[in-house]
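Step one of this worksheet: look at the structure below.
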Amino acid sequence: MTVRVRFAPSPTGHLHVGGARTAIFNWLYAKHHRGTFIIRVEDTDQARSTRESETMVLDDLRWLGLQWDEGPDAGGPHAPYRQSERNYIDVAKELIERDIAYRCYCSEEELELKRKAAEAEGRPPHYDLKCWLHRRDDHTPHAIRFHVPNDGDVTINDLIRGEVTWKKDSLGDFIIFRTDGLPTYNFSVVVDDHHMEITHVIRAEEHLTNTHRQVLVYRAMQWPVPEFAHVSLILGQDRTKLSKRHGATSVSAYADEGYLPDAMVNYLALLGWSAPDGRDVFDRAYAIENFSLQRVNSAPAVFDPQKFEWLNGQYIHAMSAAELRPMVARFFDVPWLEEGIDVVKTSVHRLTEFREALRFVTDYSAPEVDRAFAEAVAAELKNGVDDVKAFNERLKNATGLKGKALFQPLRMILTGMDHGPELVRAIPLLQHASEVDPSVLSPLARAERCIR
RNA sequence: GGCGCAUUCGUCUAGGGGUCCAGGACGCCGCCCUCUCACGGCGGUAACACGGGUUCAAAUCCCGUAUGCGCUACCA
């Protein structure tokens with residue numbers, strides 16, 4: 001049987017890192033098994049869902065490079081891929097006819113009162129079965145409930161958590177269709193997953209205790225129950241669920257801060273999953289090849305911005321200036337960008353930092369530099385800088401300065417003489433001329449790097 | 001309240017009865033490289049929540065406690 005998995009975002013804003021990780025796990029699982037990765041938009045909550053949000057989420061997914069095989073804009077044999085476009089009422093009607101579901105005419109106010117009374121008396125706040133005991137069928141506004149008999153229990157074998165069991169009497173009759181004519185999540189998700197022939201439901205832990213309701217629907221319809229895998233939550237550094245209070249949490253925010261999609265996929269995959277050989281830095285091909293749900297941790301994970309930034313730096317350092325240039329250009333662009341990137345990239349962890357790292361060239365402010373020093377530099381410059389090491393050596397002897405004291409003012413003078421961009425351009429040539437060894441050339445290059 | 005899930009260095013984790021006085025990574029500290037800052041290399045710091053069992057042997061299995069989180073909605 002071929003694996004079919006789906007990521008089902010609610011279009012209520014940008015994709016957040018938690019959702020992104022769930023999407024990544026689904027995608028990795030599908031790719032590993034050469035299966036199908038599907039996107040389905042859960043937009044039955046019309047109050048919160050918008051088409052603009054859907055576009056944003058889809059764009060975020062594309063930015064991450066998680067290409068879907070079926071879904072919005074991709075088509076596929078199991079359309080529609082938006083819940084708002086699917087018909088659910090026929091299934092509900094079938095359940096009513098078979099006396100498994102029933103119409104409920106209770107008002108929300110009435111239910112609210114009963115719930116509070118039950119809680120006050122220490123009883124479970126379950127529905128009191130009023131409309132089940134007095135079933136009727138008329139056109140006054142009503143919701144549809146699923147009847148749960150108080151017998152036996154429901155067990156699933158979660159691929160991440162193992163066996164999880166609930167007693168049926170721990171849950172009351174639940175709504176599958178609202179009065180406004182729209183299906184609830186616990187119902188629509190089952191109908192969708194069944195019609196799309198989803199084989200593995202990989203989703204966040206917050207859905208774990210809804211699963212027993214869904215299994216009941218599968219059983220009632222005599223539909224095959226898919227495999228489940230519930231991934232733990234991502235926490236902020238205060239160990240509460242990651243939210244806006246913790247700073248950037250949306251994928252697009254990280255994109256704006258200069259993080260690379262590959263680094264993000266890598267980091268998020270590491271939050272809960274670990275490579276069999278323990279490596280932290282890996283590309284997509286490696287992750288796909290080695291991914292398995294058995295290696296997904298069931299405990300919640302704290303998002304660590306420092307490690308993410310370090311990892312992003314690893315990607316930047318490993319990339320060539322030519323590869324980096326178009327990505328950096330989104331934030332900052334000059335004609336000599338590629339040469340500049342080449343000079344400073346090892347000191348950068350995020351794409352947005354290139355601007356600051358190259359500031360010494362673009363907008364230095366003329367400092368007070370000792371006149372004698374400036375003249376010494378000018379004199380040495382006349383001799384040329386073909387041998388950087390010798391140049392530095394002569395200058396050091398001439399001024400009696402070294403280290404920071406030497407290079408800071410030197411850099412200022414060089415850029416102050418408007419040689420900045422030319423110097424940056426010259427650096428790769430100098431490097432070449434000085435026969436590879438960076439330690440030989442670098443003094444000048446690195447002097448230019450010195451910002452503070 | 002009820003039900004469910006979780007608990008290894010500050011953080012991400014390895015570990016699925018003996019090979020663990022617990023390994024790796026980030027961070028932090030130190031050293032090396034270096035005429036500055038980085039990069040890189042080397043080394044160090046630091047953890048099995050607690051209490052009972054089971055067993056010759058438990059981080060690993062079972063029970064309980066504590067703590068955290070989730071669900072218990074006509075949200076998803």
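Note on naming: letters A, B, ... go to the chains in the order of the sequence lines (proteins, then strands), and numbering restarts at 1 for each one.
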Under 4.0 angstrom, heavy atoms only, what part of the nucleic acid is A/Gln294 near: base, sugar-phosphate, or nothing?
nothing

Separation between the C1' atoms of B/rC31 and B/rU67, rounded to whole Å
41 Å

Passing option when A/Arg103 is tested against A/Arg145, A/His142, A/Arg136 for side-chain contact (heavy atoms from CB on, under 4.5 Å)
A/His142

Roughly, in whole Å, what's the span from NE2 in A/His207 to P in B/rC69?
19 Å

Indicate, with a heavy-atom threshold strictly under 4.0 Å, whether A/Asn297 touches base, sugar-phosphate, or nothing.
sugar-phosphate

P atom, B/rG44 versus B/rA49: distance in rounded Å?
25 Å

Under a 3.5 Å limit for both distances, which nucleotide forms a Watson-Crick or G-U wobble pair with B/rU34, could you say?
none

Determine: side-chain N/O of A/Arg123 to OP1/OP2 of B/rU72, distance under 4.0 Å, yes or no.
no

How would you label the contact of A/His126 with the nucleic acid (heavy atoms, under 4.0 Å): base, sugar-phosphate, or nothing?
nothing

Salt-bridge present (A/Arg51, A/Glu54; N to O < 4.0 Å)
yes

Which is more 5' along RNA chain B, the nucleotide nearest A/Val348 or the one nearest A/Leu233? Just name the residue.
A/Val348

Give the rounded distance in Å between these two atoms: CG of A/Leu208 and P of B/rG68.
20 Å

When both hydrogen-bonding distances must be under 3.5 Å and the geometry is Watson-Crick or G-U wobble, what is B/rG68 paired with, if anything?
B/rC5

Using a 4.0 Å heavy-atom cut-off, does A/Glu108 contact any base of the nucleic acid, only the sugar-phosphate backbone, or nothing at all?
base

Output yes when A/Lys167 and A/Asp169 qualify as a salt bridge under the 4.0 Å nitrogen-oxygen rule, no when they do not.
no

Salt bridge A/Glu112-A/Lys116, side-chain N to carboxylate O under 4.0 Å:
yes

Describe the nucleic acid contact of A/Glu205 in one word from base, sugar-phosphate, nothing, applying a heavy-atom distance below 4.0 Å.
base

On the nucleotide B/rC26, are OP1 or OP2 found under 4.0 Å from the side-chain N or O atoms that A/Gln237 carries?
no

Between B/rC3 atom P and A/Glu119 atom CD, what is the distance in whole Å?
15 Å

Please report, rounded to the nearest Å, how far the P atom of B/rA25 is from the CG atom of A/Asp280.
8 Å

Would you please test A/Thr165 and A/Asp153 for side-chain hydrogen bond (donor to acceptor under 3.5 Å, both in side chains) and show each step?
CA-CA 7 Å; A/Thr165 301; A/Asp153 46 36; 5.9 Å; no

Would a 4.5 Å heavy-atom cut-off, applied to side chains only, mark A/Lys168 and A/Leu216 as touching?
yes

Minimum-distance nucleotide to A/Ala301 side chain [options: B/rC26, B/rA6, B/rU13]
B/rU13

Return the nucleotide paired to B/rC61: Watson-Crick means purine N1 to pyrimidine N3 with N6-O4 or O6-N4, wobble means G-U with N1-O2 and O6-N3, both under 3.5 Å.
B/rG53

Interatomic distance at C1', B/rC48 relative to B/rG16, whole Å:
14 Å

A/Arg161 side-chain proximity, nearest of B/rC74, B/rC5, B/rU72:
B/rC5

For B/rC29, the Watson-Crick or wobble counterpart (both distances under 3.5 Å):
B/rG43

Watson-Crick or G-U wobble mate for B/rC21, both contacts under 3.5 Å
none

Taking the P atom of each, how far is B/rC37 from B/rC20, in whole Å?
40 Å

Looking for any heavy atom pair under 4.0 Å, which part of the strands does A/Leu111 touch: base, sugar-phosphate only, or nothing?
base

Have a look at A/Arg213 and say if it touches a base, only the backbone sugar-phosphate, or nothing, with a 4.0 Å heavy-atom cut-off.
sugar-phosphate

Output yes when at least one side-chain N/O atom of A/Arg239 is less than 4.0 Å from OP1 or OP2 of B/rU7, else no.
no

A/Pro124 near the nucleic acid: base, sugar-phosphate alone, or nothing, with a heavy-atom cut-off under 4.0 Å?
nothing

On a whole-Å scale, what distance lies between the P atoms belonging to B/rG15 and B/rC74?
42 Å

Does the structure show a Watson-Crick or G-U wobble partner for B/rA73, both distances under 3.5 Å? Name it, or say none.
none

Using heavy atoms to find the nearest nucleotide of RNA chain B for A/Cys106 and A/Ser274 separately, return the residue whose nucleotide is more 5′.
A/Ser274

Is it true that A/Asp280 and A/Lys307 have a side-chain N and a carboxylate O under 4.0 angstrom from each other?
yes

Sugar-phosphate only, base, or nothing, as touched by A/Arg279 at under 4.0 Å among non-hydrogen atoms:
nothing

Does a distance-only test, which skips hydrogens and angles, find a donor-acceptor pair under 3.5 Å between the side chain of A/Thr179 and the base of B/rC74?
yes

Without decimals, in angstroms, what is the distance between A/Glu112 CD and B/rC74 P?
9 Å

Between atom CG in A/Asn150 and atom C1' in B/rG2, what is the gap in whole Å?
14 Å

B/rG24 versus B/rA14 - spacing of their P atoms, nearest Å
15 Å

Suppose we define a pair by two distances each less than 3.5 Å, Watson-Crick or G-U wobble; what does B/rA14 pair with here?
none

Within 6.0 Å of CD in A/Gln294, more than 12 heavy atoms from elsewhere
no

Please confirm whether the shortest side-chain N or O distance from A/Thr346 to OP1 or OP2 of B/rA38 is below 4.0 Å.
no

Does the distance from a Lys or Arg side-chain N to an Asp or Glu carboxylate O, for A/Lys130 and A/Asp128, drop under 4.0 Å?
no

Looking only at atom C1', what distance separates B/rG52 and B/rG10, rounded to whole Å?
30 Å

Does a side-chain N or O of A/Arg295 approach OP1 or OP2 of B/rC12 to a distance below 4.0 Å, or not?
no

How is A/Gly272 classified with respect to the nucleic acid when contacts are heavy atoms under 4.0 Å: base, sugar-phosphate, or nothing?
sugar-phosphate

Hey, does A/Thr12 reach any base, or is it just sugar-phosphate, or nothing, if we go heavy atoms under 4.0 Å?
nothing

Between P of B/rC74 and CG of A/Leu113, the distance in whole Å:
14 Å

Would you classify A/Ser49 as touching base, sugar-phosphate or nothing, given that sugar-phosphate means primed atoms plus P, OP1 and OP2, and contacts are heavy atoms under 4.0 Å?
nothing

P gap between B/rC56 and B/rG23, integer Å:
29 Å

Would you kindly give the CH2-to-C1' distance between A/Trp273 and B/rA14, to the nearest whole Å?
13 Å

